[in-house]
Amino acid sequence: MADLQLYQYSLIGLLFVWSGFIRSGLGFGGSVLTLPFLLFIIDDPLIFLPIIGVHLMVFSLLITWQSRQRMQQTAMMDQAAVSSIDWRYLRYALLIMIVPKMIGIFGLLTLSSSLMSAIIYVIVIAYAISYVLNRPFKSNHRSLDILFLVLGGYVSGTSLIGAPLIAAVFASHVSRERLRDTLFVLWFILVVIKLSSFIVAGIDLQLIHHLWLLPCAYIGHLLGQQMHSKLMSADTRIFYRVLGTVLIVVSSLGLMKTLLI
């Protein structure tokens, strides 16, 4: 990233504002919805994935700390206050995802990553349409959710783009008030594993560029906080329509990119 033009640096900065906005507003999609555009500037995902990963860790910690502060204040007024994180379902999902996550990192599956990504994006689009139509999909078979979590964990291990599928499953089992914070804790754990693999592989984490891209993401984070507050106070149908629409957009972009490779 040392030989770019000023307009390219400006576009990258704006895209990281967008990334922070989506991540903070919905709790997912910051990577998948931003990476395709970043690759139009520099066609090398290994330049941007470490930056996005570190941002995920930073803002996951920030969101978790802010939620903890709010819960402590609420607890002083209401002894029945509950955590903003669904630890029960988070532990359950991690037990399912950890093995395929590690398999994805080491690339041991026979199917190509592009084919696996295309299959997952199609599944997510079908999943999200039910939200847009105000008919959220509720699986009657736990095995189907397990399959989605396994596939999401694998793709997350290979490229950090498993968020749409994972978020769709979590949205069916975690209340909307706890969904974003629960996803942030999950992303933190998954990114720690991914960044550790980058370090072991000797990939440049682009630490120097965090000095100017982290503030850009923080601006988007603040804007996203406002959007999230409005979503939480909005009608449930509006929330699920927004969630489904974002899932469709993210997955369609990913599917088109996969098919064009």
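Nothing here was measured: the structure is a model prediction, and the numbers come from that model. In this chain, numbering begins with 1 at the start of the sequence shown.
Side-chain contact between V169 and Y89 is present, with heavy atoms from C-beta onward closer than 4.5 Å. Contact of the R91 side chain with the W87 side chain is registered, since non-hydrogen atoms from C-beta on lie closer than 4.5 Å. Looking at heavy atoms from C-beta onward, L4 lies in side-chain contact with I12 at the 4.5 angstrom threshold. Looking at R23 and F59, their side chains come closer than 4.5 Å, going by heavy atoms from C-beta outward. M97 places a side-chain heavy atom less than 4.5 Å from the side chain of I166. Residues D145 and F170 fail the side-chain proximity criterion, which asks for heavy atoms closer than 4.5 Å. Residues Q8 and I42 have side chains not in contact (no heavy-atom distance under 4.5 Å, counting atoms from C-beta outward). Inter-residue side-chain proximity for V58 and F188 is flagged as unmet; no heavy-atom pair is nearer than 4.5 Å.
Linking ILVMFWY residues whenever their side-chain heavy atoms come closer than 4.5 Å, directly or via other members, leaves L14 and L253 in distinct clusters. Follow the hydrophobic side-chain contacts under 4.5 Å out from L151 and you never reach L95; the two are in separate clusters. Both Y7 and I47 belong to a common hydrophobic cluster when Ile, Leu, Val, Met, Phe, Trp and Tyr are linked at side-chain heavy-atom distances under 4.5 angstrom. If you chain together hydrophobic residues whose side chains sit under 4.5 Å apart, I22 and L62 fall into the same group. The cluster map of Ile, Leu, Val, Met, Phe, Trp and Tyr, joined by side-chain heavy atoms under 4.5 Å apart, puts L56 and V192 in the same cluster.
With rounding to the nearest 0.5 angstrom, the CD1 atom of I52 is 9.5 Å from the CG atom of L15. Once rounded to the nearest 0.5 Å, the distance linking CD1 of I98 with NZ of K101 reads 8.0 Å. Note that the CG atom of L195 and the CG atom of L190 stand 11.0 Å from one another [nearest 0.5 Å]. Here the CG-CG distance, from L49 to L205, works out to 11.5 Å after rounding to the nearest 0.5 Å. Rounded to the nearest 0.5 angstrom, T34 OG1 and F48 CZ are separated by 11.0 Å. Note that SG of C216 is 12.5 Å distant from NE2 of H209, once rounded to the nearest 0.5 Å.
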For this session: For side chain to side chain contact (heavy atoms under 4.5 Å, CB included), just list the numbers for F16 and I51, CA-CA rounded to whole Å, side-chain angles, deciding distance to a tenth of an Å, and then say yes or no.
Result: CA-CA 10 Å; F16 272 93; I51 299 174; 3.6 Å; yes

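The stretch residues 45-57 participates, sequence neighbours left out, in no side chain to side chain donor-acceptor pair (under 3.5 Å) pair at all.
F184 pairs by the ring-ring contact (aromatic ring centres under 6.0 Å, His included) definition with nothing, not counting sequence neighbours.
The backbone N or O of D86 sits less than 3.5 Å from a side-chain atom of T182, completing a donor-acceptor pair. Side-chain atoms of S24 come within 3.5 Å of backbone N or O of Q225 as a donor-acceptor pair. The backbone N or O of S156 sits nowhere less than 3.5 Å from a side-chain atom of K194 that would complete a donor-acceptor pair.
The two residues G13 and L213 come nearest to each other via the heavy atoms CA-CD2, 4.2 Å. When all heavy atoms of L183 and A167 are compared, the pair lying nearest together is CD1-CB, 4.2 Å.
Think of L211 as one node in a network of Ile, Leu, Val, Met, Phe, Trp and Tyr side chains linked at under 4.5 Å; its network also takes in I208.
A 6.0 Å sphere centred on OH of Y218 holds no more than 12 heavy atoms belonging to other residues, nucleotides or ligands.
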